[in-house]
Asker: 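Okay, handing you the structure first.
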Amino acid sequence: MSKEIKKEKILVTSALPYANGPLHIGHLAGAYLPADIYVRYQRLKGNDVVYICGSDEHGVAITIRAEQDGVQPKQIIDRFHELNKRSFECFGISFDNYSRTSLPIHHETGQEFFSDFYQKGILKKKKEKQFYDEAARMFLPDRYVEGTCPNCQFPEARGDQCEKCGSDFNQTELIDPKSKITGKTPVLKETFHWYFPLGDFQEGLKKYLDSHPEWKQNVKNYCYGWLKQGLKDRAITRDLQWGVKVPLEEARDKVLYVWFEAVLGYISSTKEWAQKIGEPDRWRDYWQNENCKLVHFIGKDNITFHAIMFPAILMAKKGYTLPDSVPANEFLNIQGDKVSTSRDYAVWLEDYLENFPPDSMRYCLASIAPETKDSDFSWKDFQTRNNSELVGILGNFINRSLTFIDKHFDGRVPQQKQHDELDYWILKQISEAPKKVGDQLERFRVRQALKAFMNVARDANKYFNDKEPWRTVKEDSELCGATLNICVQVSKTLAILMEPFLPFSAEKLWALLNQEGDIHGQNWFAAGKEFIPAGHQLAKPEILISKIEDKVIAAEVEKLKAKSQTVGKGEGKVSEEKSSLISFAQFKNIDLRVARVLTAERVENTDKLLRLEVEIGEEKRQIIAGMAEFLAPESMIGKLVIVVANLQPAKIRGLESQGMLLAAENDSGELSLITVDKEIGTGAKIR
RNA sequence: CGCGGGGUGGAGCAGUCUGGUAGCUCGUUGGGCUCAUAACCCAAAGGUCGAAGGUUCGAAUCCUUCCCCCGCUACCA
């Protein structure tokens, strides 16, 4: 029944999330949501698209986490694989297969690539000395050795480079090396590894990159930067137990390095998918087919692996499709600060889902997707986007249309009649919309696409307003009916166009329109063109998307604030111990002064904040302090207190705080002001 | 130092590749409407597009120089 348009074959992947922790909205915004939107759009277009992902379950970080938790690595990966898989499902990320790299099929694939390279003589075997932690009985990756920089004597240099002076060196050059795992001094032990000669592919990669001028600027910049420096041999094996075993007798205790093996997970996940659908060779249709478009959605930290190393691996293997595009996104910050998993400063998917619907976050993240630069998520912005855009513009149009028909036309789609100018205008808008939105999506511009989509809803509201059906219903019910008929057609168009962005709301709207079949299986290009006939019975109207209350948002903001303040507390065991001692120099950096409180008052609409004016010697300053719960402002006036005088000023509730007042706090949060035991004069130094 | 990113009305951002009336959301002000989730529509105020030069009939956009901010440290995409 459908005119067979030429189907495109597309294989889409999203970066394999590392199964040593939960997922946060930054992951979603970068690699998963844009990919899912793209994939859903391609499906509606009728293209043959397969969307592949899975858990990355190897690597040292997982074994270390397992040790910390006192469990087996398997328990860690099982836990996070299940958790993350479920989070993705709840957010509507529509993978065709979500695999895991611990499966036999993946180990086989990894070994196959290694063996192939080994037999072709591509790999170079190199002997080297590496640090070995005898207590942990393992070789130490660069990141897990620390010592004094041979160049600048900085005491906390990492195994491969010093962050203080920026110099690169070999981990064996470190002075007084220590294992970050046990804290013990490691010994040097000889070992050997196989290296993949990236340099041999320099020319091929250059040509490959040159053939993709359409790639995003940030991706090209990174890659050409790498090529300019010259590609070096890179080890593809490691001395570890956890991972894909190197398939050679002489390498019993070695595994494939994750960077090499994890990207192959895309291939093994596709193989698994093919098996599941009962056509075990189907994966070749995508991976070994020149006419298949391979698209990798990733975060910017992953660019070199996907745009340099993976293509090189595929070139070496021969017979595989090279990535056609690598849309890499930048990072998402949270309320102005970088995401920090160690500090638990993030919005975790599982937490979010307890309080809010997935589509609200999908909408928000799609509209602030970090496509060209890092972007910032804030709860306030999330609320505004949900309430004034999603609800106010989109939801409201649907609602006002459907309730109007319910009230005045018994929920049946009214008759159409001769169109007037406004009718033609809005019909033109909806018929052009699929192409407008689609053109942006083809170029991976999710924010633009979303905007184009929302413009339809904006136009729809304008149409409704200008046609004034609430007036014509009394004067000319035929005309009124014609207006609402068009509103229904607009709603249907919106349902299809919103599916990639807001799949859950699309489903709901499809049901409200009482349409047959699955919204996810509709035809993109029918949107705005195939209409619901007059007389069709609609379902009872319901609110499509709900508003989000201030209270809920305030609670989330508080949660984050608490976390950003507990730097070093909680999880960061390792770093905490080390940072518990400060040097005298560090102490001297803090300028503590005696000050007199001149005025003190509560800051309006806050529970804890006091606004104080203090005198420090000649100077007067405003300080905002969070002590109102335990200290009455009037009791403080005239007192001598201790302030940190050289603290960076900060805005708190719009008021600048030029310092910090010291107070003692016990476990229950009770406060007591610190003061001096005699009149010593304000501005006096504390030392 | 080097590499990368950024500097656009009160806030947050788009537009820069492919020069041609500076746009969006929020906020502010005024008006309209009352079907709708106090939602919707219209209008106004508000910008030397970091600075200076250059190319051009024409530059936010291309070129040069300079200034400022951020990242390149963290088991974070």
Side-chain angles (χ1 to χ4, degrees), chain A residues 14-18 20-21 23-33 59-65 68 143-144 156-158 161-166 180 213-214 216-218 220-222 225 228-229 297-303 328-333 338-343 345-346 367-368 370-376 378 380-381 384-385 387-393 395-408 445 447-448 451 454-455 458 460-473 480 483-484 487 541 543-547 571-572 574-575:
Chain A
S14 285
L16 307 183
Y18 204 46
N20 75 333
L23 294 160
H24 54 73
I25 59 171
H27 292 107
L28 209 57
Y32 307 97
L33 180 63
V60 228
I62 282 171
T63 55
I64 286 177
R65 165 104 202 213
Q68 278 174 356
R143 252 188 235 162
Y144 293 98
E156 285 168 38
R158 287 192 341 186
Q161 68 167 60
C162 172
E163 63 213 40
K164 188 77 170 259
C165 66
K180 278 187 92 168
E214 81 286 2
K216 287 175 60 173
Q217 199 59 48
N218 57 345
K220 286 190 291 186
N221 283 344
Y222 266 86
K228 217 162 75 185
Q229 285 176 18
F297 283 85
I298 54 172
K300 66 175 166 187
D301 55 330
N302 241 329
I303 290 174
N329 284 304
E330 305 287 309
F331 286 166
L332 186 76
N333 294 325
K338 291 186 74 173
V339 166
S340 167
T341 49
S342 52
R343 273 195 284 145
Y345 185 76
S367 54
I368 61 169
E371 287 169 358
T372 52
K373 58 183 175 192
D374 289 0
S375 61
D376 192 48
S378 86
K380 188 76 199 128
D381 178 68
T384 305
R385 292 203 129 88
N387 291 0
S388 55
E389 295 182 30
L390 249 196
V391 173
I393 295 168
N396 184 237
F397 170 74
I398 306 286
N399 190 242
R400 69 201 294 207
S401 300
L402 299 188
T403 51
F404 198 99
I405 293 175
D406 184 57
K407 216 182 271 177
H408 299 285
R445 294 176 157 198
R447 327 161 62 132
Q448 286 296 325
K451 196 168 158 189
M454 284 302 286
N455 281 342
R458 284 180 223 280
N461 275 312
K462 178 169 171 53
Y463 173 77
F464 198 107
N465 253 64
D466 292 354
K467 295 288 282 189
E468 301 182 306
W470 58 90
R471 183 187 339 225
T472 56
V473 72
C480 175
T483 299
L484 269 302
C487 288
I543 294 288
L544 193 62
I545 303 146
S546 300
K547 287 211 167 191
E571 288 207 13
V574 190
S575 59

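Hydrogens, waters and symmetry mates play no part in the numbers below; they use all other heavy atoms, side chains included. In what follows, every chain begins at residue 1, and chains take the letters A, B, ... in the order their sequences are listed.
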Asker: For A:Arg458 and A:Asn455, which I'm curious about, is there any donor-acceptor pair between the side chains at under 3.5 Å?
Answerer: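 A pair is found: one side chain offers a donor N or O, the other an acceptor, under 3.5 Å apart.
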Asker: As a test of reading the structure: which of B:rC75, B:rU37, B:rA36 is closest to the side chain of A:Ala61, going by heavy atoms?
Answerer: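 Among the listed nucleotides, the one closest to the side chain of A:Ala61 is B:rC75.
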Asker: In this structure, how many angstroms lie between the P atom of B:rC76 and the CG atom of A:Leu28, rounded?
Answerer: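 My rounded result for the distance is 17 Å.
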Asker: Output the rounded distance in Å from CG (A:Leu390) to C1' (B:rU25).
Answerer: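 Distance, rounded to whole Å: 13 Å.
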Asker: In whole angstrom, give the distance that lies between atom CG of A:Asn302 and atom P of B:rA77.
Answerer: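 Spelled out: CG on A:Asn302 to P on B:rA77 is 8 Å.
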Asker: Measuring only the C1' atom in each nucleotide, how far is B:rA14 from B:rC24? A whole number of Å is fine.
Answerer: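 Each nucleotide's C1' atom is 7 Å from the other's.
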Asker: Which whole-number value in Å describes the distance from A:Leu402 CG to B:rC35 C1'?
Answerer: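 The distance from CG of A:Leu402 to C1' of B:rC35 comes to 12 Å, rounded to the nearest Å.
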Asker: So which one's nearest nucleotide on RNA chain B is more toward 5', A:Asn387 or A:Asp376?
Answerer: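 Taking each residue's closest nucleotide, the earlier one in sequence belongs to A:Asp376.
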Asker: A:Trp470 side chain: which of B:rU34, B:rA39, B:rA77 is closest?
Answerer: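 Among B:rU34, B:rA39, B:rA77, the one nearest the side chain of A:Trp470 is B:rU34.
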Asker: If you measure from the P atom in B:rU61 to the same atom in B:rC26, how many Å do you get, rounded?
Answerer: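 The answer is 29 Å between these two P atoms.
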Asker: Test your reading of the model: is there a side-chain donor-acceptor pair from A:Tyr32 to the backbone of A:Ala15, 3.5 Å cut-off?
Answerer: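 Yes; at least one donor-acceptor contact below 3.5 Å.
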Asker: Using the C1' atom in both, what is the distance from B:rG12 to B:rG54, to the nearest Å?
Answerer: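 Taking atom C1' in both B:rG12 and B:rG54, they lie 33 Å apart.
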Asker: Sticking with atom C1', work out how far B:rA36 lies from B:rC41, rounded to a whole angstrom.
Answerer: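 Comparing C1' positions in B:rA36 and B:rC41 gives a spacing of 13 Å.
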Asker: Examine B:rU25: is either OP1 or OP2 under 4.0 Å from a nitrogen or oxygen in the side chain of A:Arg458? Give yes or no.
Answerer: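 Yes, because at least one side-chain N or O of A:Arg458 sits under 4.0 Å from OP1 or OP2 of B:rU25.
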Asker: From the set B:rA36, B:rA77, B:rU25, return the single nucleotide nearest to any side-chain atom of A:Glu389.
Answerer: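 Comparing B:rA36, B:rA77, B:rU25 against the side chain of A:Glu389, the answer is B:rU25.
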Asker: What nucleotide among B:rC76, B:rC41, B:rA36 has an atom nearest to a side-chain atom of A:His27?
Answerer: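 In terms of side-chain proximity for A:His27, the closest of B:rC76, B:rC41, B:rA36 is B:rC76.
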Asker: Side chain of A:Phe404 only, heavy atoms from C-beta on: which candidate in B:rA77, B:rA14, B:rC35 is closest?
Answerer: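 The closest nucleotide is B:rC35.
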Asker: Looking only at side-chain atoms of A:Ser388, point me to the closest of B:rU37, B:rC35, B:rC26.
Answerer: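 Side chain of A:Ser388 sits closest to B:rC26.
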Asker: Among B:rU25, B:rA77, B:rU37, which nucleotide has an atom closest to any side-chain atom of A:Lys547?
Answerer: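 Closest of the options to the side chain of A:Lys547: B:rU37.
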Asker: For a side chain to side chain contact (heavy atoms under 4.5 Å, CB included) with A:Asn399, tell me which candidate from A:Leu544, A:Ile543, A:Ile545 qualifies.
Answerer: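 By the side chain to side chain contact (heavy atoms under 4.5 Å, CB included) criterion, A:Asn399 pairs with just one of A:Leu544, A:Ile543, A:Ile545: A:Ile543.
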Asker: Could you say whether A:Gln448 or A:Asn461 is positioned toward the 5' end of RNA chain B, judged by the nucleotide with the nearest heavy atom to each?
Answerer: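 In this pair, the answer is A:Gln448.
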Asker: With pairs taken as Watson-Crick or G-U wobble and both distances under 3.5 angstrom, which stems of at least three consecutive pairs involve RNA chain B?
Answerer: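 RNA chain B stems, ordered by first number: B:2-7 with B:67-72, B:10-13 with B:23-26, B:28-32 with B:40-44, B:50-54 with B:62-66.
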Asker: When you get a sec, tell me which of B:rC35, B:rA14, B:rC42 is the closest nucleotide to the side chain of A:Lys462?
Answerer: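 The listed nucleotide nearest to A:Lys462's side chain is B:rC42.
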Asker: Does A:Lys380 place a side-chain N or O at less than 4.0 Å from the phosphate oxygens OP1/OP2 of B:rG12?
Answerer: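 For B:rG12, neither OP1 nor OP2 has a side-chain N or O of A:Lys380 closer than 4.0 Å.
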Asker: Between B:rG47 and B:rU28, how far is it from one C1' atom to the other, in whole Å?
Answerer: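 That atom pair is separated by 16 Å.
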Asker: So which nucleotide from B:rC24, B:rC40, B:rA77 ends up closest to the side chain of A:Lys451?
Answerer: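 For A:Lys451, the side-chain atoms sit closest to B:rC24.
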Asker: Considering only side-chain heavy atoms of A:Asn396, which listed nucleotide, B:rU37, B:rA39, B:rC17, is closest?
Answerer: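 Closest of the options to the side chain of A:Asn396: B:rA39.
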Asker: OP1, OP2 of B:rA36 versus side-chain N and O of A:Asn465: anything below 4.0 Å?
Answerer: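 A:Asn465 to B:rA36 OP1/OP2: no side-chain N or O under 4.0 Å.
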Asker: Whole angstrom is fine here: how far is it from CG in A:Asn20 over to C1' in B:rC76?
Answerer: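 Distance, rounded to whole Å: 10 Å.
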Asker: B:rA22 and B:rC13: how far apart are their C1' atoms, nearest whole angstrom?
Answerer: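 Rounded to whole Å, the distance is 14 Å.
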